[in-house]
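Structure record follows, encoded as structure tokens.
Start at 1 with the first residue, then count along the sequence. Computed from heavy atoms alone, side chains included, the values below leave out hydrogens, waters and symmetry copies.
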Amino acid sequence: MSHEMTRRLVAIVAADVVGFSRLVEQDELKTISELQAIQSEIIRPLTQARGGRLFKSMGDGFLFEFPSAVHAVEAALALQQEMATRDQKIVFRIGIHVGDVLVDGDDLLGDGINITARIEGLSPAGGISLSDDAYRQVADKLAVRWTDTGEQKLKNITRAVRVWNWSANKGTSPETQASFIAEILKPSIAVLPFDNLSNDPEQDFFADGMVEDMIMALSRCSQLFVTSRSSSFFYKGQPKDLSTCARELGVRYVLEGSVRRAGQRLRVSAQLTEATSNKTVWGDRFDRDVSDLFDIQDEITQNVVGIVSTEIARLETHNAAKRRVNDLSAWERLMKAVWHGRRHLKHDNLLAQEIIQQEIADGHDSAIARAYLGLFLAIDLSWGFSGRTPMELLPLAFQSAMSAVAQDPNDEIARALMSAVCWMAGDHNKAISEAELAVQLNANSNLGHIALGYAHAFSGPDHLEASMLSLTRAIRIGPRDDETPQIHAFMGVAHFVAGDCATAEQHCLKALELDPAQRSPARVLASIMGHTGRIQEGAEMWVRATEKVFDLEAYKQTLFRLYKRREDAERILDGLRLVGVAV
């Protein structure tokens with residue numbers, strides 16, 4: 001009796017053993033036994049842990065389905081990590097595609113399966129191949145360097161498919177390869193904005209401050225991957241479908257909750273969900289006096305870390321609360337300033353500066369307060385909120401950064417801010433060393449990785465790889481971060497400095513696609529177009545880059561300060577001269 005088949009969109013993984021026939025010929029029993037052991041001891045657990053399913057086994061090959069491309073690639077990397085550390089001859093090649101399939105009972109059929117199988121045949125031994133459809137889903141979510149092999153003609157597939165490859169570097173030891181993959185596969189978590197259930201909307205800053213403390217505490221655990229505050233807060237005020245949030249942020253766990261404050265009483269509810277199974281793995285409610293706030297933060301954080309500690313060797317969250325202002329009322333005011341300052345609007349930025357300056361004047365000084373003041377001064381410098389010149393703002397930001405580092409040398413925000421100020425002042429070596437300290441202090445410091453990537457981008461062509469590594473990591477931590485357009489712009493700068501105009505142009509165009517109001521990538525694009533002979537197009541891009549009031553002489557001086565090598569700044573100017581800019 002016939003039955004109707006349904007369709008669904010899935011990530012498909014195909015894996016098979018390299019040189020299987022040769023291995024069977026050499027020792028049939030040993031090869032089959034080892035493969036069966038790998039299937040039961042490695043493949044099935046790795047697949048199930050990421051919400052996947054093995055739906056077909058074919059002797060030397062396997063087919064899997066996953067709910068997202070991120071989970072599929074994570075599982076593939078985990079398999080290659082395990083195989084790299086095993087002393088045996090079995091090696092897998094893996095192909096991954098995202099496509100529409102026909103569901104026939106437990107089996108999956110259709111064009112998507114065929115494409116996956118063909119792509120798997122293009123994978124290097126011990127590596128992974130992605131279709132372009134799969135690549136687009138993971139490119140900014142996993143810090144993996146993929147190689148574009150171009151359009152490939154696949155057997156019995158009408159259309160050409162663009163294929164991306166990953167493999168361990170030649171000469172890389174199995175231990176190094178496994179360590180690299182382990183960094184990508186850390187247990188991952190997003191802390192979503194807690195709902196403010198108080199009657200007073202002004203208490204939003206209180207709930208937001210609670211969540212930020214949890215993010216920072218979790219981030220101090222070097223064995224956890226934590227998405228940035230900006231990426232998590234993208235979902236503030238929106239209906240939360242946890243599976244969708246987790247898929248978009250590329251995480252395994254999601255923490256959500258609510259805060260209700262009435263007078264001096266506080267109720268915090270929180271629950272941790274394992275996204276692939278949509279199962280609540282922990283939840284609790286805390287009723288406390290407001291004076292117990294720090295204990296509540298630490299208690300929730302320790303519970304969350306405990307849940308995911310199967311892959312964590314040492315917990316490092318017990319010192320997180322020490323980073324905050326001890327006086328609770330001062331802490332509340334600081335969190336209110338942070339809430340305003342992160343909105344990146346003129347009124348909010350100036351109000352945030354005013355609140356923190358008043359708190360410091362009233363004796364509520366701390367490294368975190370100084371660091372945030374410096375951050376908001378730097379944002380003021382970037383956006384021109386107060387109308388003060390760089391010569392006025394840079395010393396103030398530098399003084400604030402120095403004060404923050406002096407008060408707490410182990411505060412990664414202070415170190416990252418110091419890096420940014422040093423870079424803007426033209427001290428690139430100091431900028432790199434400060435950003436490296438920030439990342440050492442907190443491996444999940446989004447600001448630290450951004451600062452390190454920016455400092456490297458302007459330091460010369462030998463710094464391209466280091467810049468891209470840091471900025472890719474920053475995008476992975478904060479895929480929805482407000483800084484992402486600027487990150488792509490600075491990726492463009494790094495490639496331009498290295499002489500790769502084509503890749504530089506791609507990143508600058510991506511920056512403008514994400515934020516059309518950006519000016520800096522348009523200026524770099526105008527120069528690139530000059531160097532590549534597109535004079536009219538470059539002239540039009542320069543007009544776009546300077547639509548608002550623009551001081552050309554100040555721009556030239558800024559370039560000479562920002563670029564470590566004068567010839568790199570001159571190269572920008574040379575391209576602009578070619579499109580008719582009188583510099």
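- Ser400 contributes no side-chain N or O that, together with a main-chain N or O of Leu396, makes up a donor-acceptor pair within less than 3.5 Å.
- Within a 6.0 Å sphere centred on CD of Gln399, other residues, nucleotides and ligands contribute 12 heavy atoms or fewer.
- Ion pairing between Asp568 and Arg571 fails under the 4.0 Å rule for side-chain N and carboxylate O.
- Partners of Glu537 under the salt bridge (charged side-chain N to carboxylate O under 4.0 Å, His left out) rule, at least two apart in sequence or in another chain, are Arg534.
- Between the Ser232 side chain and the Ala190 main chain, no donor and acceptor come within less than 3.5 Å of each other.
- Side-chain atoms of Arg415 do not come within 3.5 Å of backbone N or O of Val405 as any donor-acceptor pair.
- Between the side chain of Ser433 and the backbone N or O of Lys430, at least one donor-acceptor pair lies under 3.5 Å.
- A donor-acceptor pair is defined here as one N or O able to donate and one able to accept, closer than 3.5 Å; no such pair exists between the side chain of Asp208 and the backbone of Pro193.
- Remark: Glu540 engages Gln536 in a side-chain hydrogen bond (donor to acceptor under 3.5 Å, both in side chains) (not counting sequence neighbours).
- A side-chain contact (heavy atoms from CB on, under 4.5 Å) with Tyr454 is found for one member of His449, Glu483, His428 and no other, namely Glu483.
- Within 6.0 Å of the CD atom in Glu151, the count of heavy atoms belonging to other residues, nucleotides or ligands exceeds 12.
- More than 12 heavy atoms of other residues, nucleotides or ligands lie within 6.0 Å of NZ in Lys236, so this atom counts as buried by the packing criterion.
- Here the side chain of Ser467 pairs a donor or acceptor atom with the backbone of Gly453 at under 3.5 angstrom.
- Geometric assessment of Arg162 against the ring of Tyr135 yields a negative cation-pi assignment under the 6.0 Å and 45° thresholds.
- With no hydrogens or angles considered, no side-chain donor-acceptor pair links Asp133 and Gln137 at under 3.5 Å.
- Ring-plane geometry between His531 and Phe496 is classed as tilted, the angle between the planes lying from 30 to 60 degrees on a 0 to 90 degree scale.
- Every side-chain hydrogen bond (donor to acceptor under 3.5 Å, both in side chains) that Ser68 has, sequence neighbours left out, goes to His71.
- Applying the ring-ring contact (aromatic ring centres under 6.0 Å, His included) rule to Phe458 yields the partners Trp423, Phe490, Tyr563; only residues at least two apart in sequence or on another chain are considered.
- The backbone N or O of Ile572 sits less than 3.5 Å from a side-chain atom of Ser527, completing a donor-acceptor pair.
- Annotation: ring-ring contact (aromatic ring centres under 6.0 Å, His included) contacts of His495 (sequence neighbours excluded): His507.
- No hydrogens or angles considered: a donor-acceptor pair under 3.5 Å links the side chains of Ser386 and Asp380.
- Every residue two or more places apart in sequence or in another chain that forms a side-chain hydrogen bond (donor to acceptor under 3.5 Å, both in side chains) with Glu256 is listed here: Gln271.
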